[in-house]
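For reference, the structure discussed in these notes is given below.
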Amino acid sequence: MNPNKIKTATIKKLINGGYGLCSAENGKIIMVRHSLPGETVEIKIVEQRQKVDYGIAGNILTPHTNRITPPCPWYSSCGGCDLQHADYRTQCSIKDYILKDLLERDQSTSLHSLSPLVAPMLPSPDEFGYRQRIRLKNGNNRVGFNKFRSHEIVPIKQCLLAPDIINAALGLLPYSSGFQSLSPITEEIDILLNPDDSTLCLVLYTKRKPRPNDRKTARSLASEIAPGTRIFLAGQQFSMEGPFSGDKEDTDRTLSMTVPGRDPLTLFWEAGGFCQVNIGQNFNLVTLVLDFCQPSSSDKLLDLYCGMGNFALPLAQKTGMVHGIESQGAAIRSGRYNSNFNQLANISFEKSDVLAACTRRARSNETFDTIVCDPPRQGMVNMAPLLGRLCRKKIIYISCDPATLCRDLASLQQEGFRVKIIQPLDMFPQTHHIETVTLLEKENAL
């Protein structure tokens, strides 16, 4: 085994994960970061396994016509972005290709004909500066992101995916006396932008429960960052504490955003809770889901993995009844608050494991006209038979992993659903991640 060996090869294509795929002289597969299709590159092998080597593109002997110089100075070491070396239009084309390639190569023959149903990628409104939240690692006052395939921290001064206000806070952190005091007990830091008022929340994930002096220091840190900043202290062994604010006593743990449109909504969620990080693209995502649903005023909808109501609330404005199911307590609290705040009486939220809740409802022979599903990266394991029993007309499936999407689409087709359109949208520019919205309709719908 000889990591760091240099090999030369031509990249055949990019695959899921953003890797360039090629073969060595002995036929062994090599997966190469920071490469583009058709390029001949010198590859530094960084990890060797039995069937595949992992490498990083070094000297580019024949570059792709749309290769660019990555704008981020930490691109070669940080493990976050992996497509900054391509212009944005090429990034979108690459993601379209990866999605279609996965469908065409899937072991399930029922997916091979779906490639023509993939619509062109819906680009993000912003290529950079789009993230409402970043999570940083901290070790010995070194604040940054993990190196690729490593726990080593790469200290950074700014992240080009975050807006200026987040980067200003990031730049201040290592030099703040408050953070220097809290740094020895801090493992991770979330910096969150509150979209409605452009203030910041910082969540410090600590190794132990905070002590009185830690709380005092957190207030000092809030004063050092920016006016209106709120600090929270959280950990695995204790409940979140805060907010600690430098300029006023504050008990509000929520962030909020106003969703534009014919029927404006204000959505709240708790610090540390989930919200789509690309706020501008999330508006497009919600619009797409509404267009696919086309609910009538009498329809009954089920929103699985509903979070704080990102889809459930705008859907409730258009239809008869919406029921959301989610396992995270903070999200359910936010969803219920959101429905009351926006005066929507036709929506309910249930805190439950989604599989267990759907099993109970299927046993009760309950059905819904449309089911919206936005599962985590692992997708919907063992859910297809239940959805076949629960759904009368259509499913809108939002996926953040095309590999688990392919698996789940094959299962849903076996339950009598047919794919009508697969719409990818770029929620995470500069990275390999691919978000999709798929419309499936039930054959012989009731």
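In this view, Leu99 and Val118, Pro402, Leu405, Ile422, Pro424, Thr436 satisfy the side-chain contact (heavy atoms from CB on, under 4.5 Å) rule, not counting sequence neighbours. For Ser176, the side chain to side chain donor-acceptor pair (under 3.5 Å) partners two or more places apart in sequence, or in a different chain, are Glu224. Applying the side chain to side chain donor-acceptor pair (under 3.5 Å) rule to Asp101 yields the partners Lys13, Arg105; only residues at least two apart in sequence or on another chain are considered. In terms of the salt bridge (Lys or Arg N to Asp or Glu O under 4.0 Å) criterion, residue partners of Arg333 (sequence neighbours excluded) are, by chain and number, Glu270. The ring-ring contact (aromatic ring centres under 6.0 Å, His included) test applied to Phe428 returns His433, not counting sequence neighbours. Judged as a side-chain contact (heavy atoms from CB on, under 4.5 Å), and not counting sequence neighbours, the contacts of Ser115 are Lys100, Glu104. With sequence neighbours left out, the side-chain contact (heavy atoms from CB on, under 4.5 Å) criterion links Glu127 to Tyr88, Gln430.
Between the side chain of Ser150 and the backbone N or O of Asn146 there is no donor-acceptor pair closer than 3.5 Å. Checked by atom type and distance alone, the side chain of Lys95 never pairs as donor or acceptor with a backbone atom of Asp426 at under 3.5 Å. A donor-acceptor pair under 3.5 Å links the side-chain atoms of Lys442 to the main chain of Gly388, judged by distance alone. The backbone N or O of Gln328 lies less than 3.5 Å from a partner atom in the side chain of Glu326, making a donor-acceptor pair. Of the possible polar contacts, none joining the Gln423 side chain to the Leu288 backbone as a donor-acceptor pair under 3.5 Å is found. No donor-acceptor pair under 3.5 Å is formed between the side chain of Glu42 and the backbone N or O of Ile60. Looking only at distances, a side-chain donor or acceptor of Thr404 sits under 3.5 Å from a matching main-chain atom of Arg377. With hydrogens and angles disregarded, no donor-acceptor distance shorter than 3.5 Å links the side chain of Lys318 to the backbone of Gln294. In this structure, Lys137 contributes its side chain and His151 its backbone to no donor-acceptor pair below 3.5 Å. Using modelled atom types, no side-chain atom of Arg418 and backbone atom of Leu440 make a donor-acceptor pair closer than 3.5 Å.
Exactly one of Leu192, Ile166, Ile191, Leu233 qualifies for a side-chain contact (heavy atoms from CB on, under 4.5 Å) with Leu202. That residue is Ile191. Remark: of the listed residues Val372, Leu412, Leu390, Leu412 is the sole one forming a side-chain contact (heavy atoms from CB on, under 4.5 Å) with Ile395.
Side-chain contact between Ser124 and Met427 is absent, with no heavy atoms from C-beta onward closer than 4.5 Å. Counting heavy atoms from C-beta on, the side chains of Leu103 and Leu117 never come closer than 4.5 Å. When side chains are defined from C-beta on, Cys201 counts as touching Leu255, because their heavy atoms get closer than 4.5 Å.
Annotation: salt bridge (Lys or Arg N to Asp or Glu O under 4.0 Å) contacts involving residues 398-411, sequence neighbours excluded, are absent. Applying the salt bridge (Lys or Arg N to Asp or Glu O under 4.0 Å) test to every pair with at least one member in residues 64-83, sequence neighbours left out, gives these pairs: Glu39-Arg67. Within the structure, ring-ring contact (aromatic ring centres under 6.0 Å, His included) contacts touching residues 11-62 (residues at least two apart or in different chains) are Tyr19-Tyr54, His34-Tyr75, His34-His85. Within the structure, ring-ring contact (aromatic ring centres under 6.0 Å, His included) contacts touching residues 103-139 (residues at least two apart or in different chains) do not occur. The salt bridge (Lys or Arg N to Asp or Glu O under 4.0 Å) contacts involving residues 156-181 comprise nothing, where partners must be two or more places apart or lie in separate chains.
The distance from atom CZ of Phe232 to atom CD1 of Ile189, rounded to the nearest 0.5 Å, is 15.5 Å.
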| Check against side-chain contact (heavy atoms from CB on, under 4.5 Å), Cys373 and Leu387 | CA-CA 10 Å; Cys373 313; Leu387 296 180; 4.2 Å; yes
| Do Ser110 and Gln414 pass the side-chain contact (heavy atoms from CB on, under 4.5 Å) test, and can you show the C-alpha distance, the side-chain angles, and the key distance before you say yes or no? | CA-CA 9 Å; Ser110 66; Gln414 292 177 358; over 6 Å; no
| task | Give the intermediate values and the outcome of side-chain hydrogen bond (donor to acceptor under 3.5 Å, both in side chains) for residues Ser108 and Asp106. | result | CA-CA 5 Å; Ser108 173; Asp106 194 272; 4.5 Å; no
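Classification of Lys28 and Asp53 as a salt-bridged pair holds, one side-chain N sitting under 4.0 Å from a carboxylate O.
Contact between Pro116 and Ser113 at its shortest, heavy atoms only, is CD-O, 3.2 Å.
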